[in-house]
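I have placed the structure first, in the form of structure tokens, so that the comments after it can refer back to it.
First the proteins, then the strands, lettered A, B, ... as listed; each starts at 1.
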Amino acid sequence: MCGELGKADIGSRVALAGWVQKRRDLGGLIFLDLRDRSGIVQVVFNPDLNKGAYELAQEVRGEYVVKVEGEVTARPEGTVNPSIPTGEVEVRADALEVLNAARTPPFYIIENVDADETLRLKYRYLDLRRPDMQRNLILRHKIMMAIRRYLDAEGFVEIETPMLTRSTPEGARDYVVPSRVNPGCFYALPQSPQLFKQLLMVAGMDRYFQIVRCFRDEDLRADRQPEFTQVDMEMSFVEPEDVMMCAEGLVAEVVREVTGLSVRRPFLRLTYREAMDRYGSDKPDTRFGMEIKDVSGVVADSGFKVFSECIASGGKVKAIVVQGGAKFSRKEIDALADFVKGCGARGLAWVAVEGERFRSPIAKFFDEAGLARLANAAGASEGDLILVVADAPAVVSEALGRLRVHLARKLGLIDGEGDGGGQGRGQLAFVWVTQFPLLEYDEEEGRNVAVHHPFTSPVDEDIDLLETDPLSVRAKSYDLVLNGVELGGGSIRIHRRDIQERMFRALGMRPEEAQDKFGFLLEAFEYGTPPHGGIAFGLDRFVMLLAGRDSIRDVIAFPKTQRAVCLMTGAPAPITDRQRQELHL
RNA sequence: GGAGGCGUGGUGCAGUGGUCUAACAUGCCUGCCUGUCACGCAGGAGAUCGCGGGUUCGACUCCCGUCGCCUCCGCCA
């Protein structure tokens, strides 16, 4: 292997095959940098050693696949190259074979290439020759191996579940596959193996896992592809605590194995309520502070009508503090105001704490003591900037939550950020967010829908609220968040038919429909179903974060574009009339 | 479905109404060069400026539409 040669190999004869990274023709002497997965080594062609090989080396170009034979030698005095791992040696070639010529590639096969992603995706097989992409794929492999090793040792059994399954209501749009044998009928590709893994619990396979492809026909993002990989787990006879501890153990071990970093356990835990109150997000980035403070109490009776009237009509007034932000220019603050307006808030009030005084466009509505109380409630001190949003509670949380992250990026408060190129992954801040609401109201559907999925168990003491006050029912659910990215989520499931039926009813599903779509599950629950629960991780996102990248496309060998197209194969594409007929389309 | 950004030799970019017969770097081709490693030196080829329409005496540049890629919102049980 090219990149592994070193001083220890001096004197030995080697045969190397690889790609030509670079040819340097000095006239009477030719150097080739030969590359394979392991790295690069310099090969020298000297006409004195083998005239034929030297002459053939003149024909060679970048990305030619060649085979070289020769002796590993120490480089002559003064020609050692300390900038590459194999820089102390070189291969004196006495034989050269061109295994395959190559056209000039459309972009450079180098680390951190600055090429249009369209090109990279069209020629993905060339993009994947680049060392950083190879590192990402190898990291992904190592992570998958570590997961399998850990879960196997913990007694989990990997079991495959069908890719051709049934379309179910709720959730994302399905990818659908027409059935030739059953005219007019369709399979759906799984959004997750949810029901199958629950049925494996019914089957007594009390610790299941699977590294499994899932499909969702929704719009794409930097961290969302139409097909993605989940690490899916399910366990019987467990409480949330058991699943979380097991998942933590897995994640911590994987991180340790592939990065050498030890992760502090147990992970920070927040209830959904706390996360929304303190961070304005159900996936809080806890790598930095700047927590949200409720200042409603200290401004309710102020002369500032925007605040007092907001509170009187059920709204909230909350604030975040930018340390040292008093020096922000008016223009910078205006930009922040535009940002929160983009998040749906009506506006942004601000107070700069300068010495004993306060500078603020709303200062005239407060007396000095009122502003001091506000600063105190917000936790601001000398030189800080208080940013205040008054609106409906959900709007305030959303706006300040996003403003908080926006500011942290802008101010460089996040360790290791700002180089999505993968140089550093920085800090890893894990946090559990527990007890999400079980249901939320969906305007479009005109009914309540499951926040997690319809098989999530309510918290015991909330069960009877299902009929009386469904939106206040909390779920036995838990999301694992890493650096503000949702890494995984799971829950304890419903394992009793009567409760599952109540859940379906709460979702506005008629009993006949429940029977038609989920009859097999309800029936299974009548045959001795153990209490069970589990979790699923987004493998692509996990690899992305550990690789320090900012798109999962960089850790997927053959990803799709934002329009869900594969630029290399041209999928999706029309099918022939004949295929259409066979499929009854 | 919506908002924004980008699209100029192979690649990365400059050019914001005429001086563009489109600059620069790199790559590519040819020649020279025996210690280079971002090799060097000399020469050369390579672009109907994403596509279509419009405004204008004149459009890479302005306007409209369209296509592609990216980011975000909606969406993602």
- Message: For Val449(A) and Pro76(A), find the nucleotide of RNA chain B closest to each by heavy atoms; which residue's nucleotide sits nearer the 5' end?
- Response: Pro76(A)
- Item | Within 6.0 Å of NZ in Lys560(A), more than 12 heavy atoms from elsewhere | yes
- Message: What I'd like to find out is whether the side chain of Val177(A) reaches to under 4.5 Å of the side chain of Met163(A), using heavy atoms alone.
- Response: no
- Message: Using side-chain heavy atoms (C-beta onward) and a distance below 4.5 Å, is Asp554(A) in contact with Arg120(A)?
- Response: yes
- Query: Any side-chain heavy atom of Arg224(A) sitting closer than 4.5 Å to one from Arg541(A)?
  - Reply: yes
- Can you check whether any acceptor in the base of C69(B) is under 3.5 Å from a donor in the side chain of Arg120(A), or vice versa? no
- Item | Identity of whatever pairs with U71(B) - Watson-Crick or G-U, under 3.5 angstrom | A3(B)
- Message: Both Ile84(A) and Phe107(A) contact RNA chain B. Which one's nearest nucleotide lies toward the 5' end?
- Response: Phe107(A)
- Query: Between Thr104(A) and G27(B), is there a side-chain N or O to OP1/OP2 distance below 4.0 Å?
  - Reply: no
- Message: Measuring only the C1' atom in each nucleotide, how far is U8(B) from C49(B)? A whole number of Å is fine.
- Response: 4 Å
- Assert yes or no for the condition that the ring centre distance of Phe436(A) to Tyr272(A) is strictly below 6.0 Å. yes
- P spacing across the pair G10(B) / C51(B), given as an integer number of angstrom: 13 Å
- Task: Starting at atom CZ of Arg563(A), determine the distance to atom C1' of G1(B), rounded to an integer number of angstrom.
- Result: 13 Å
- Take the protein atom NZ of Lys560(A) and the nucleotide atom P of G68(B), then report the distance between them rounded to whole Å. 17 Å
- Determine which nucleotide pairs with U56(B), using a 3.5 Å limit on both distances of a Watson-Crick or G-U wobble pair. none
- To the nearest Å, give me how far apart CG (Leu26(A)) and P (C41(B)) are. 13 Å
- Between Arg505(A) and Glu501(A), is there a salt bridge with N-O shorter than 4.0 Å? no
- Given atom OH of Tyr54(A) and atom P of G35(B), what is their separation to the nearest angstrom? 12 Å
- Item | Partner nucleotide, any strand, of A25(B) [Watson-Crick/G-U, under 3.5 Å] | U11(B)
- Less than 4.5 Å apart, any side-chain heavy atom of Phe45(A) and any of Val68(A)? yes
- Message: So for Glu90(A) and G35(B), does any side-chain atom that can act as donor or acceptor lie under 3.5 Å from a complementary atom in the base?
- Response: yes
- Message: With a 4.0 Å limit, can you tell me whether Arg61(A) has a side-chain N or O closer than that to the phosphate oxygens OP1/OP2 of C29(B)?
- Response: yes
- Task: For Glu63(A) and G10(B), give me the distance from atom CD to atom P, rounded to whole Å.
- Result: 19 Å
- Message: Is the positively charged end of Arg409(A) above the ring of Phe288(A), judged by distance under 6.0 angstrom from the centroid and angle within 45° of the axis?
- Response: no
- Message: So Ile30(A), base contact, sugar-phosphate only, or nothing? Heavy-atom distance under 4.0 Å.
- Response: nothing
- What does Asp219(A) touch in the nucleic acid at a heavy-atom separation under 4.0 angstrom: a base, only the sugar-phosphate, or nothing? base
- Would you call Lys331(A) and Asp334(A) a salt bridge, taking side-chain N to carboxylate O under 4.0 Å as the test? no
- Look at the side-chain N and O atoms of Arg553(A) and state whether any lies under 4.0 Å from the OP1 or OP2 oxygen of U71(B). yes
- Query: Expressed in whole Å, how much space separates the P atoms belonging to U61(B) and G7(B)?
  - Reply: 12 Å
- Base, sugar-phosphate, or nothing: which does Arg221(A) touch, judged by heavy atoms less than 4.0 Å apart? base
- Message: Considering every strand and a 4.0 Å limit on heavy-atom distances, what is the contact class for Ser192(A): base, sugar-phosphate, or nothing?
- Response: base
- Query: With respect to the side chain of Ser83(A), which nucleotide from C33(B), C76(B), A38(B) is positioned closest?
  - Reply: A38(B)
- Distance in angstrom units between Asn112(A) CG and U11(B) C1', rounded: 16 Å
- Task: Can you tell me, in whole Å, how much space there is between the C1' of U26(B) and that of G46(B)?
- Result: 14 Å
- Item | A25(B) versus C13(B) - spacing of their C1' atoms, nearest Å | 8 Å
- Message: Is Lys22(A) close enough to U36(B) that one of its side-chain N or O atoms is under 4.0 Å from OP1 or OP2 there?
- Response: no
- Task: Write down the distance separating the C1' atoms in G9(B) and U48(B), rounded off to the nearest Å.
- Result: 12 Å
- Record whether the side chain of Arg224(A) comes under 3.5 Å of the base of C76(B) through a donor-acceptor pair of N or O atoms. yes
- What is the nucleic acid contact for Phe455(A), judged by heavy atoms within less than 4.0 Å: base, sugar-phosphate only, or nothing? nothing
- Message: Work out how far the P atom of U21(B) is from that of G2(B), and round it to whole angstrom.
- Response: 39 Å
- Message: Within the 4.0 Å heavy-atom criterion, would you say Val113(A) contacts the bases, only the backbone, or no part of the nucleic acid?
- Response: nothing
- Task: Pick base, sugar-phosphate or nothing for Thr79(A), based on heavy-atom distances below 4.0 Å to the nucleic acid.
- Result: base
- Message: Mind checking if Asp48(A) touches a base, just sugar-phosphate, or nothing, with heavy atoms under 4.0 Å?
- Response: base
- Item | Between C1' of U30(B) and CD of Gln58(A), the distance in whole Å | 13 Å
- Query: Side-chain N or O of Lys122(A) less than 4.0 angstrom from OP1 or OP2 on G68(B)?
  - Reply: no
- Query: When the distance from CD of Glu218(A) to P of C75(B) is rounded to whole Å, what number comes out?
  - Reply: 10 Å
- Query: On a plain distance test, is the side chain of Arg75(A) in donor-acceptor contact with the base of C37(B) below 3.5 Å?
  - Reply: yes
- Task: Examine U71(B): is either OP1 or OP2 under 4.0 Å from a nitrogen or oxygen in the side chain of Gln562(A)? Give yes or no.
- Result: yes
- C1'-based separation of A45(B) from C60(B) [nearest Å]: 23 Å
- Is any side-chain nitrogen or oxygen of Arg24(A) closer than 4.0 Å to OP1 or OP2 of C39(B)? yes
- Counting any heavy atom closer than 4.0 Å, what does Gln42(A) reach on the DNA or RNA strands: base, sugar-phosphate only, or nothing? base
